[in-house]
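Encoded as structure tokens, the structure appears first; notes follow it.
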Amino acid sequence: IAGDEMEGRETGTEGQRKAATYIEAQFKALGLKSAESLNGYQQQFPLYQDSLISSELKVSDVLLEYGKDYITPASSNETGTFKGKKIVFVGYGIDDSSYNDYAGIDVKDKIVVFFTGEPRKDGEYITTGTKRAGKWTYPGTSEKLAVAKLHGAIGALVIGTTMETFSPKTTENSRKTNIIFKSIASEEKPLDYALLSHAFAKRLIGNQFDSLLKKIVTGEQVTVNNFPVKDSKISFDYKEYRTTTNASNVIGVLEGSDKKDEFVFLTAHYDHLGKHDGKIFYGADDDGSGTVAVIEMAEAFARAKAEGKGPRRSIVFMTVSGEEKGLWGSEFYSDHPVFPLDKTTVDLNTDMVGRIDTERKTGDSLNYVYVIGHDKLSSELALINEGANQKYTNLVFDYKFDDPKDPNRIYYRSDHYNFARKGVPILFFYDGMLLSDYHKSTDTVDKIYWDLYQKRVQMIFHTAWEMANMDNMLKRDLP
């Protein structure tokens, strides 16, 4: 999995497809079945790459210059046009319960103008009440465009708060996207927009621009009513070309006995960062360790069944791709489930279990694992998991990443989250290797702690075994 021939397994590349073929072969050799609704062991999902063909923006019959006056990021626009005679300034472009730039403003059939970013008060973001920015910062512009469209706007002109001009690299990068995944939520056509240079934005807004920019940069609230609707003839035309490719989740099934229509999922992501500047990003721990763990657990379950001691529930072994890009594969699965989510009792997700946390200074650094999700969705998760561990493996469980104040937000950063957001109880097992070789070409097989790796995966197996054989599905009794 983490060999040279897999070339770092970047989603949408030949290396990722080689890895999928390898995993499929392992599942077949173990006698796992493919899902009936799939054509084989792989659940394909589409990826796109968009490239600009042409872009034209006119304001009062003046043709703007691409790269100087404006750019149109291919990642956020789709082929389309808009024409209007009125523009409306809407500040930050936010419509939130705690801050609303659209209050008392009519933008229907008009073109909106807004800044990136969001306002703060006493050092805290108004929309979150904390020092952490909210969705109006990231994903930011896409959220604001969606709101503008809901309010009836026909197009948008956006001012990047800290992007005064466009460098040649920024301009060139705006003409094409990396490989992207469009979820169900984003299938509706977005509102097209252009990103303006500060020089042109000043021509559009007028002499107030400089003082306005100072307020925006420091996160001050702005009163949009101070800026009347302007008459300005604007036309926008954007054309792009889209190429499509596929990535896949690899799914193997071991059928259960009397509860075969209920499911325990064992998941990991097999993709990594690929090959860049001549270096292979091997991803041995991230997440070669989880991928191989799923295969090893499949072998153990398959052997148990062959010896007449198979699980009551069906076990679904799923390795997904696209995790490093934004949890794409698991998002696609949870939106297009092969097995009913209401019959999926748990997802046990394994993402990095072969190394140690270099920042961990306690004496248990060779006998621990971080467990995430233990206090969410089901009150039975921790009881069963801890019971299996105490009976078989005696690892130290560290729950620090379940602290809602944890700045790393690990709960949201691997594939279990897409099960959790659908209400399926999850446990996520993780070694904490965030520094050291994380996302570097030096994450290689020789650095795996084999004895600790084996012990962790045996613990996950025993937890899965208990959950696969208990009388009832896990309770779903916690928010």
Side-chain angles (χ1 to χ4, degrees), residues 10 12 47-84 87 89 92-93 111-118 136-146 148-149 153-182 186 189-206 209-210 212-213 216-217 232-245 273-274 276-277 325-326:
E10 183 171 8
L47 303 176
Y48 309 101
Q49 188 163 31
D50 295 336
S51 301
L52 175 66
I53 297 173
S54 65
S55 176
E56 183 179 283
L57 178 61
K58 285 183 178 179
V59 178
S60 301
D61 293 323
V62 175
L63 183 64
L64 275 63
E65 183 179 340
Y66 197 93
K68 177 188 175 186
D69 299 318
Y70 80 106
I71 57 174
T72 51
S75 58
S76 310
N77 283 290
E78 291 188 6
T79 296
T81 63
F82 61 77
K83 292 182 179 180
I87 60 172
F89 178 66
Y92 292 96
I111 296 160
V112 294
V113 180
F114 60 78
F115 281 90
T116 58
E118 54 182 307
W136 305 104
T137 294
Y138 183 82
T141 299
S142 61
E143 289 283 341
K144 296 178 180 185
L145 292 170
K149 186 174 182 180
I154 58 171
L157 302 174
V158 180
I159 306 165
T161 305
T162 58
M163 190 176 289
E164 183 176 356
T165 60
F166 309 113
S167 69
K169 185 175 182 180
T170 298
T171 301
E172 184 59 29
N173 288 343
S174 73
R175 297 176 184 273
K176 61 183 183 303
T177 68
N178 294 320
I179 288 177
I180 53 177
F181 167 70
K182 301 239 177 188
S186 66
K189 189 181 184 309
L191 195 68
D192 281 325
Y193 79 103
L195 189 63
L196 303 180
S197 69
H198 286 189
F200 189 82
K202 185 172 183 178
R203 285 169 58 186
L204 197 67
I205 290 177
F209 178 80
D210 291 335
L212 179 62
L213 179 63
I216 296 285
V217 166
S232 191
K233 187 179 177 183
I234 293 176
S235 66
F236 176 87
D237 185 83
Y238 179 87
K239 293 185 178 70
E240 68 179 15
Y241 175 75
R242 170 167 290 176
T243 54
T244 305
T245 187
L273 302 181
H276 303 279
D277 299 323
K325 303 289 189 184

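In this chain, residues are counted from 1 in sequence order. Note that the coordinates shown come from a computational prediction; the quantities given were computed from them, not determined experimentally.
Between Leu191 and Ala153, the shortest heavy-atom distance links the atoms CD1-O, 3.4 Å. Closest heavy-atom contact between Leu195 and Gly160: CD1-N, 3.7 Å. Leu47 approaches Gly12 most closely through the heavy-atom pair CD1-CA, 4.0 Å.
To the nearest 0.5 Å, atom NZ of residue Lys325 and atom CG of residue Leu273 are 7.5 Å apart. Remark: Glu56 CD to Leu63 CG distance equals 5.5 Å, nearest 0.5 Å. Summarising the geometry, atom CG belonging to Asp237 is positioned 9.5 Å from atom CG belonging to Asp192; distances are rounded to the nearest 0.5 Å. Interatomic distance, OG of Ser197 versus CG of Leu64, reported as 8.0 Å (0.5 Å rounding). In this structure, Asp50 CG and Arg175 CZ are separated by 15.0 Å, a value rounded to the nearest 0.5 Å. The OG1 atom of Thr243 sits 12.5 Å away from atom NZ of Lys176, with the distance rounded to the nearest 0.5 Å.
Under the 30°/60° scheme for interplanar angles, the aromatic rings of Phe236 and Phe82 are found to lie parallel. Relative orientation of the Phe209 and His198 rings is perpendicular, given thresholds of 30° and 60° on the angle between their planes.
Side-chain contact between Val59 and Ser232 is present, with heavy atoms from C-beta onward closer than 4.5 Å. Looking only at side-chain heavy atoms (C-beta outward), Thr177 and Glu240 stay at 4.5 Å or farther from each other. Side-chain contact between Leu157 and Ile205 is absent, with no heavy atoms from C-beta onward closer than 4.5 Å. Counting only heavy atoms from C-beta outward, the side chains of Ile234 and Leu57 approach each other to under 4.5 Å. Counting only heavy atoms from C-beta outward, the side chains of Lys58 and Lys233 never approach each other to under 4.5 Å. At a threshold of 4.5 Å between non-hydrogen side-chain atoms, the residues Ile71 and Tyr66 count as touching. Residues Ile154 and Ile111 are in side-chain contact: their nearest non-hydrogen atoms beyond the backbone lie under 4.5 Å apart. At least one side-chain heavy atom of Phe114 sits less than 4.5 Å from a side-chain heavy atom of Lys144.
Side-chain contact, Thr161 with Thr116: a donor N or O sits under 3.5 Å from an acceptor N or O. The closest side-chain donor-acceptor pair between Tyr70 and Ser55 falls under 3.5 angstrom.
Remark: Tyr48 OH is packed, more than 12 non-hydrogen atoms of other residues, nucleotides or ligands lying under 6.0 Å away.
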request  = Would you please test Tyr238 and Tyr193 for side chain to side chain contact (heavy atoms under 4.5 Å, CB included) and show each step?
outcome  = CA-CA 9 Å; Tyr238 179 87; Tyr193 79 103; over 6 Å; no
